[in-house]
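Comments concern the structure below.
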Amino acid sequence: MLTRRTLVRLAGAAALTLTTAFPALANDKPVTIKFSHVVAPDTPKGKGALKFKELAEKYTDGAVVVEVYPNSQLYKDKEELEALQLGAVQMLAPSLAKFGPLGVQQFELFDLPFLMANYDDLRKITDGEVGKGLLARLEDKGIKGLGYWDNGFKVMSANTPIQTPDDFLGLKMRIQSSKILEAQMQALNAVPQVMAFSEVYQALQTGVVDGTENPPSNMFTQKMHEVQKHATLSNHGYLGYAVIVNKAFWDGLKPDVREKLEQAMEEATVYANSIAKEENEWAMEQMKASGKTKFHELTDEERKEWIETLRPVHAQVANRIGPELIKQSYEALGIQ
Ligand code: LMR
């Protein structure tokens, strides 16, 4: 029979092993969450991250400290996903267009041109079965999806007018690492170039690429409008985020701490999604006021041409995303 002393020693050793594997279980030290992202602090994602920090630290009464690293300060696009899997950072909110290299390319569904017309459509996807199913796919990769944060609908920009699909012929267009965005640019007869977000401004400035696409908040905060003479308010596609966390880290948290963080994340998500639209509208006003980029609104006729050129991309890339997932999304959106 084990003596009381041996039992106490064994219990102590087990606790030590657990707290070594999961420092989050230790009682005394605050748990640190490194939240890395690539955009400016004054963007929907940047503000969402800071709101999460504020609430997480408040609700856990200092038991959790959240360090937010904006502007690719710690890692660029591709590295940040690797860093999360290795546990070098705990939390990220990559764009939905960046999950392909992780092997979860189904997120590229969000990149389909002219799939969603507005934020109401977006909610039907993110809050429904499609959105939940996509987050669940991350678990196999050692990642837990905590929710979706909005940014907005994209503007196309270049140094030459790009009002009709014909205007894109031969233009080098920077894209995120999504095969759907690649197909989209090819449908426009442009030359897509995958590039990390942190490098876009300089690439535009030096002419390494001719143009790009992004929601106004990103375009403005990265000063892209200073190096792009023309832009079209095409709203042809959406850019938003999945907030993700290292699963072993999250599962290793004390249940009461995790609950408080879940609460903080839920509220930060409501906050981030409540400001995204106006942040983008504000950024657009600033860019228009600066007079550096000439913004073009599509006429009905031009819009029809864009849709006719870009909608065939859905069928072309169906096998990459999964025809069933596309069908499910069409049903959620009421597309025939
Ligand atoms: C981009 O690379 O254009 C965006 O994904 C950046 C971001 O995170 O909004």
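Both ligands and their constituent atoms are indexed starting at 1 by order of listing.
Partner of Phe99 under the ring pair (Phe, Tyr, Trp, His ring centres under 6.0 Å) criterion, chosen from Phe107, Phe110, Tyr241: Phe107.
Here CG of Leu310 is found 10.5 Å from CD of Glu308. Values are rounded to the nearest 0.5 Å.
Taking a cutoff of 4.0 Å between a charged side-chain nitrogen and a carboxylate oxygen, Lys223 and Glu226 do not qualify as a salt bridge. Using a 4.0 Å cut-off between charged nitrogen and carboxylate oxygen, Glu139 and Lys247 count as a salt-bridge pair.
A side-chain N or O of Glu213 and one of His236 form a donor-acceptor pair less than 3.5 Å apart. At a cut-off of 3.5 Å, with distance as the only test, no side-chain donor of Gln328 or Tyr330 sits close to an acceptor on the other residue.
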Could you check ligand 1 for N or O atoms lying under 3.5 Å from protein N or O atoms and list the pairs with distances?
residue: ligand 1; atom: 2 (O); partner: Lys98; partner atom: NZ; Å: 2.7
residue: ligand 1; atom: 2 (O); partner: Arg174; partner atom: NH1; Å: 3.4
residue: ligand 1; atom: 2 (O); partner: Arg174; partner atom: NH2; Å: 2.8
residue: ligand 1; atom: 3 (O); partner: Arg174; partner atom: NH1; Å: 2.8
residue: ligand 1; atom: 3 (O); partner: Asn214; partner atom: ND2; Å: 3.0
residue: ligand 1; atom: 5 (O); partner: Lys98; partner atom: NZ; Å: 2.8
residue: ligand 1; atom: 5 (O); partner: Gln176; partner atom: OE1; Å: 2.6
residue: ligand 1; atom: 8 (O); partner: Lys45; partner atom: NZ; Å: 2.7
residue: ligand 1; atom: 9 (O); partner: Asn218; partner atom: ND2; Å: 2.8
residue: ligand 1; atom: 9 (O); partner: Tyr241; partner atom: OH; Å: 2.5

